[in-house]
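We use all heavy atoms of the structure for the numbers below, so side chains are in, but hydrogens, waters and symmetry mates are not. Quantities reported herein were computed from a predicted structural model and do not represent experimental measurements.
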Amino acid sequence: MKFVSTDGAAIPALGFGTFRVPGPDAERMVSRVLVNGYRHIDTAQIYGNEAEVGEGIRRSGVARGDIFLTTKVWVENYKRGAFLASVDESLKKLKTDYVDLLLLHWPNQAVPLAEQIGALNEVAKAGKVRHIGVSNFNTDLMREAVKLSSLPVVTNQVEYHPYIDQTPVLRAAKQLDMSVTAYYAMADGKVFEDATLKTIAAKHGRSIAQIVLRWIVQQDLIALSKTVSEQRARENAAIFDFELSSDE
């Protein structure tokens, strides 16, 4: 497994995402992907499956210290009191004393960003969170978050796939010593009908999903893969033994 290192955090470059994965499937898949070698699991309060993710981790038998676990605070919980309570609730559901990465899920101007970042720092300094980050932040908000935080803001999780240009975010992240985590990599299935991607996949003897995930990790970014098929999850993990050319 490749790791992306950024300001004290070493994040597995391939993670298993659980957005829109129903509880029973989340529990089953988290358990199986960990057994099959994944070490990065991504969930969120709003996904409604933290408890099942936690049970999947427990069932896998993989040591908690070997797993990089991410969850996200939902926008309605950004006021300090609600924030702290929601993190405790997430930890209880996830059956763990800490998460490796806690993100602000979306920008929410109803609560001052300083209060949000302050709460992130507070739970991290309390030992409940190893690293902090943001999600769906534009470049101005990325810079403001870094300025407001006494701890490193280690990632910005954003939508990224072959049909969206995130060059400004990637550039800002590099300047700020942040990583970028890519979600929605398959563009809601659009990639599977793409003629160019079909050609590249055929050349390498790989699936289109493998090509897209490789494209992301080869840029030194973190890719989130999501499926409810154990076979496809195994395929999606097999992306570290080939390279795409610069033209590809």
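Between the side chains of Y183 and K226, no donor N or O sits under 3.5 Å from an acceptor N or O. For the 3.5 Å distance criterion, the side chains of T43 and E50 fail to qualify, holding no donor opposite an acceptor. No side-chain donor from either of D247 and S245 sits under 3.5 Å from a side-chain acceptor of the other. Side-chain atoms of E248 and H204 form a donor-acceptor pair, as typed in the model, at a separation below 3.5 Å. For the residue pair T71 / K93, no side-chain donor-acceptor distance below 3.5 Å is found, with atom types taken as modelled.
For the pair R39/V62, a side-chain contact is recorded, criterion being any heavy-atom separation below 4.5 Å from C-beta on.
Under a 3.5 Å cut-off, the side chain of S31 and the backbone N or O of E27 do not form any donor-acceptor pair. With hydrogens and angles disregarded, no donor-acceptor distance shorter than 3.5 Å links the side chain of E235 to the backbone of Q231. Between the side chain of T155 and the backbone N or O of S179, at least one donor-acceptor pair lies under 3.5 Å. Using modelled atom types, one side-chain atom of Y38 and one backbone atom of A233 make a donor-acceptor pair closer than 3.5 Å. A donor-acceptor pair under 3.5 Å links the side-chain atoms of Q210 to the main chain of S207, judged by distance alone. Judged by distance alone, with hydrogens and angles left aside, the side-chain atoms of Q116 form a donor-acceptor pair with the main-chain N or O of V111 at under 3.5 Å.
Geometric assessment of R64 against the ring of Y98 yields a positive cation-pi assignment under the 6.0 Å and 45° thresholds.
Checked options V153, V158, N156, L103; the residue passing with F137 is N156 (criterion: side chain to side chain contact (heavy atoms under 4.5 Å, CB included)).
Relative orientation of the H131 and F68 rings is parallel, given thresholds of 30° and 60° on the angle between their planes.
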Notebook entry, point to check: Checking salt bridge (charged side-chain N to carboxylate O under 4.0 Å, His left out) for the pair R58/E55: CA distance, chi angles, key distance, verdict?
Noted result: CA-CA 5 Å; R58 187 196 68 79; E55 182 60 19; 2.5 Å; yes
Next item on the list: Using the side chain to side chain contact (heavy atoms under 4.5 Å, CB included) rule, take I211 and F242 through it: C-alpha gap first, then chi angles, then the decisive distance, then the call.
Entry: CA-CA 10 Å; I211 296 300; F242 74 101; 3.9 Å; yes
Next item on the list: Step by step, work out the side chain to side chain contact (heavy atoms under 4.5 Å, CB included) result for K198 and I208.
Entry: CA-CA 6 Å; K198 287 179 180 179; I208 287 177; 3.6 Å; yes
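Across all non-hydrogen atoms, the minimal contact from I222 to I11 is CD1-CG2, 3.7 Å.
The neighbour count for K174 NZ, taken as heavy atoms of other residues, nucleotides or ligands under 6.0 Å away, does not exceed 12.
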